[in-house]
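Heads up: the structure comes next, in C-alpha coordinates.
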Amino acid sequence: MTKITIIAFDGTPFDLDAENGSTVMENAIRNGVPGIEAECGGACACATCHVYVDDAWTGEVGEPEPMEEDMLDFAYDVRPNSRLSCQIKVRDELDGLIVRVPERQG
(Lines give C-alpha, C1' and ligand atoms only; values in the text may rest on other atoms or scores of the structure.)
Protein backbone atom coordinates (compact mmCIF):
# COMPACT_ATOMS: atom_id res chain seq x y z
CA MET A 1 0.00 0.00 0.00
CA THR A 2 1.09 3.51 -0.79
CA LYS A 3 0.50 6.26 1.76
CA ILE A 4 -1.11 9.42 0.43
CA THR A 5 -2.41 12.46 2.28
CA ILE A 6 -5.31 14.52 1.00
CA ILE A 7 -5.81 17.78 2.86
CA ALA A 8 -9.37 19.10 2.78
CA PHE A 9 -9.90 22.83 2.24
CA ASP A 10 -10.51 23.31 5.99
CA GLY A 11 -7.07 21.84 6.70
CA THR A 12 -8.22 18.40 7.83
CA PRO A 13 -5.71 15.78 6.67
CA PHE A 14 -6.90 12.42 5.39
CA ASP A 15 -4.04 9.92 5.62
CA LEU A 16 -4.90 7.04 3.32
CA ASP A 17 -3.46 3.65 2.43
CA ALA A 18 -3.96 3.51 -1.33
CA GLU A 19 -3.71 0.49 -3.56
CA ASN A 20 -1.26 0.78 -6.43
CA GLY A 21 -3.10 1.10 -9.73
CA SER A 22 -6.01 2.99 -8.20
CA THR A 23 -6.33 6.77 -8.55
CA VAL A 24 -6.11 9.49 -5.94
CA MET A 25 -9.76 10.32 -6.75
CA GLU A 26 -10.96 6.76 -6.13
CA ASN A 27 -9.26 6.77 -2.75
CA ALA A 28 -10.72 10.17 -1.87
CA ILE A 29 -14.26 9.02 -2.71
CA ARG A 30 -13.82 5.70 -0.89
CA ASN A 31 -12.72 7.55 2.24
CA GLY A 32 -15.24 10.40 2.17
CA VAL A 33 -12.81 13.25 1.59
CA PRO A 34 -14.94 16.42 1.39
CA GLY A 35 -14.63 18.57 -1.71
CA ILE A 36 -13.87 15.77 -4.18
CA GLU A 37 -17.12 15.44 -6.12
CA ALA A 38 -15.95 13.32 -9.07
CA GLU A 39 -19.16 13.83 -11.04
CA CYS A 40 -17.89 11.95 -14.11
CA GLY A 41 -16.64 9.00 -12.07
CA GLY A 42 -13.05 9.37 -13.17
CA ALA A 43 -13.50 9.62 -16.94
CA CYS A 44 -11.58 12.92 -17.23
CA ALA A 45 -14.79 14.53 -18.47
CA CYS A 46 -15.25 17.18 -15.79
CA ALA A 47 -13.10 19.08 -13.30
CA THR A 48 -14.78 18.14 -10.04
CA CYS A 49 -11.85 16.17 -8.61
CA HIS A 50 -9.37 19.03 -8.94
CA VAL A 51 -6.49 19.05 -6.43
CA TYR A 52 -3.25 20.92 -5.86
CA VAL A 53 -0.20 18.68 -5.77
CA ASP A 54 2.25 19.63 -3.03
CA ASP A 55 5.27 21.39 -4.54
CA ALA A 56 7.62 18.63 -3.35
CA TRP A 57 5.65 16.11 -5.45
CA THR A 58 4.96 17.92 -8.72
CA GLY A 59 7.99 16.41 -10.47
CA GLU A 60 7.16 12.85 -9.47
CA VAL A 61 3.45 13.20 -10.29
CA GLY A 62 4.25 14.75 -13.66
CA GLU A 63 2.45 17.08 -16.00
CA PRO A 64 -1.17 16.68 -17.11
CA GLU A 65 -1.88 15.10 -20.49
CA PRO A 66 -3.60 17.35 -23.11
CA MET A 67 -7.10 16.01 -22.35
CA GLU A 68 -6.64 16.74 -18.64
CA GLU A 69 -5.33 20.22 -19.44
CA ASP A 70 -8.53 20.87 -21.41
CA MET A 71 -10.66 19.80 -18.43
CA LEU A 72 -8.63 21.96 -16.04
CA ASP A 73 -9.93 24.96 -18.00
CA PHE A 74 -13.23 24.32 -16.18
CA ALA A 75 -11.68 24.06 -12.70
CA TYR A 76 -11.80 26.76 -10.06
CA ASP A 77 -8.58 28.65 -9.18
CA VAL A 78 -6.21 26.65 -11.41
CA ARG A 79 -2.55 26.88 -10.41
CA PRO A 80 0.68 25.51 -11.89
CA ASN A 81 0.40 22.49 -9.55
CA SER A 82 -3.26 21.75 -10.41
CA ARG A 83 -4.17 18.22 -11.43
CA LEU A 84 -7.33 16.16 -11.69
CA SER A 85 -7.07 13.49 -9.02
CA CYS A 86 -8.71 10.95 -11.36
CA GLN A 87 -5.60 11.18 -13.53
CA ILE A 88 -3.04 10.54 -10.79
CA LYS A 89 -2.37 6.80 -10.63
CA VAL A 90 -1.10 5.54 -7.30
CA ARG A 91 2.27 3.79 -7.51
CA ASP A 92 5.16 3.04 -5.17
CA GLU A 93 7.01 6.20 -6.22
CA LEU A 94 4.14 8.31 -4.83
CA ASP A 95 4.47 6.97 -1.27
CA GLY A 96 4.00 10.05 0.93
CA LEU A 97 2.19 12.10 -1.75
CA ILE A 98 0.36 15.17 -0.45
CA VAL A 99 -2.45 16.91 -2.35
CA ARG A 100 -4.80 19.66 -1.27
CA VAL A 101 -8.46 20.18 -2.16
CA PRO A 102 -9.39 23.66 -3.46
CA GLU A 103 -12.05 25.86 -1.85
CA ARG A 104 -14.61 24.58 -4.36
CA GLN A 105 -14.81 22.55 -7.53
CA GLY A 106 -15.49 24.04 -10.98
Side-chain angles (χ1 to χ4, degrees):
M1 293 293 224
T2 299
K3 303 265 187 205
I4 61 173
T5 300
I6 303 173
I7 302 172
F9 181 72
D10 69 1
T12 303
F14 290 79
D15 297 318
L16 310 177
D17 289 320
E19 223 176 282
N20 286 351
S22 65
T23 65
V24 171
M25 180 218 72
E26 290 168 335
N27 287 281
I29 296 298
R30 205 174 294 131
N31 289 280
V33 175
I36 301 291
E37 297 168 14
E39 290 177 3
C40 74
C44 197
C46 71
T48 61
C49 68
H50 175 215
V51 295
Y52 303 120
V53 176
D54 187 83
D55 289 340
W57 288 96
T58 55
E60 190 63 50
V61 169
E63 296 291 320
E65 296 291 325
M67 186 172 163
E68 180 181 353
E69 283 182 1
D70 289 345
M71 287 298 104
L72 282 168
D73 288 342
F74 299 101
Y76 172 77
D77 191 22
V78 175
R79 301 176 185 173
N81 60 337
S82 288
R83 290 294 307 270
L84 297 181
S85 60
C86 69
Q87 299 302 297
I88 303 173
K89 291 272 189 199
V90 176
R91 57 190 193 281
D92 289 337
E93 296 83 7
L94 296 184
D95 191 48
L97 174 67
I98 300 169
V99 299
R100 290 174 172 74
V101 179
E103 180 180 4
R104 63 183 172 90
Q105 295 294 340

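Residues take their numbers from the sequence shown, with the count starting at 1.
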Value rounded to 0.5 Å, distance of CZ in F14 from OG1 in T5 | 11.0 Å

OG1 (T48) and CD1 (I36) are apart, to the nearest 0.5 Å, by 8.5 Å

Find out if a path of hydrophobic residues (ILVMFWY) with successive side-chain heavy-atom gaps under 4.5 Å connects Y52 to V90.
-> no

Apply side chain to side chain contact (heavy atoms under 4.5 Å, CB included) to N31 and I6, showing your working.
-> CA-CA 10 Å; N31 289 280; I6 303 173; over 6 Å; no

Work out which heavy atom in E39 is nearest to a heavy atom in C46; give both atom names and the distance.
-> N-SG, 4.0 Å

Nearest 0.5 Å, what's the CZ-CZ distance between R79 and R100?
-> 10.0 Å

Would a distance-only check, ignoring hydrogens and angles, find a side-chain to backbone donor-acceptor pair under 3.5 Å from D54 to A56?
-> yes

Sequence neighbours excluded, which residues qualify as side-chain contact (heavy atoms from CB on, under 4.5 Å) partners of L72?
-> H50, P64, E68, A75, S82, L84

What heavy-atom pair brings Q87 and R83 nearest, and what distance separates the two atoms?
-> O-NH2, 3.5 Å

Hydrophobic cluster mates of Y76, side-chain heavy atoms under 4.5 angstrom, ILVMFWY only, any path?
-> none

Can you check whether P34 reaches F9 side chain to side chain, under 4.5 Å on heavy atoms?
-> no

State, without any angle test, whether D95 and T2 hold a side-chain donor-acceptor pair at a distance under 3.5 Å.
-> no

Side chain of N81, backbone of V53: donor and acceptor closer than 3.5 Å?
-> yes

Would you confirm whether S85, through its side chain, and V24, through its main-chain N or O, come within 3.5 Å as a donor-acceptor pair?
-> no

Quick check: are there more than 12 heavy atoms from other residues, nucleotides or ligands sitting under 6.0 Å from CD of E69?
-> yes

Can N27 and S22 be counted as having a side-chain donor-acceptor contact under 3.5 angstrom?
-> yes

Looking only at heavy atoms, which two atoms of E60 and E93 are closest? And how far apart?
-> OE2-CB, 3.3 Å

Please walk me through it: do K3 and L16 pass side chain to side chain contact (heavy atoms under 4.5 Å, CB included)?
-> CA-CA 6 Å; K3 303 265 187 205; L16 310 177; over 6 Å; no

Any chance you could measure I88, atom CD1, to W57, atom CH2, to the nearest 0.5 Å?
-> 11.5 Å

Report the C-alpha separation of N20 and K89 in whole Å, then their side-chain angles, then the decisive distance to 0.1 Å, and conclude whether the side chain to side chain contact (heavy atoms under 4.5 Å, CB included) test is met.
-> CA-CA 7 Å; N20 286 351; K89 291 272 189 199; over 6 Å; no

In sequence, state the C-alpha distance, the side-chain angles, and the governing distance for L97 and V61, and then conclude on side chain to side chain contact (heavy atoms under 4.5 Å, CB included).
-> CA-CA 9 Å; L97 174 67; V61 169; 3.7 Å; yes

More than 12 heavy atoms of other residues, nucleotides or ligands under 6.0 Å from CD of E103: is that the case?
-> yes

Under 4.5 Å between side-chain heavy atoms, hopping through other hydrophobics if needed: is there a path connecting M25 to M71?
-> no

According to a 4.5 Å side-chain heavy-atom criterion applied to Ile, Leu, Val, Met, Phe, Trp and Tyr, with indirect links allowed, do V101 and V78 form part of one hydrophobic cluster?
-> no

Provide the closest heavy-atom pair for C86 versus C49 in the form atom of the first, atom of the second, distance.
-> N-SG, 3.4 Å

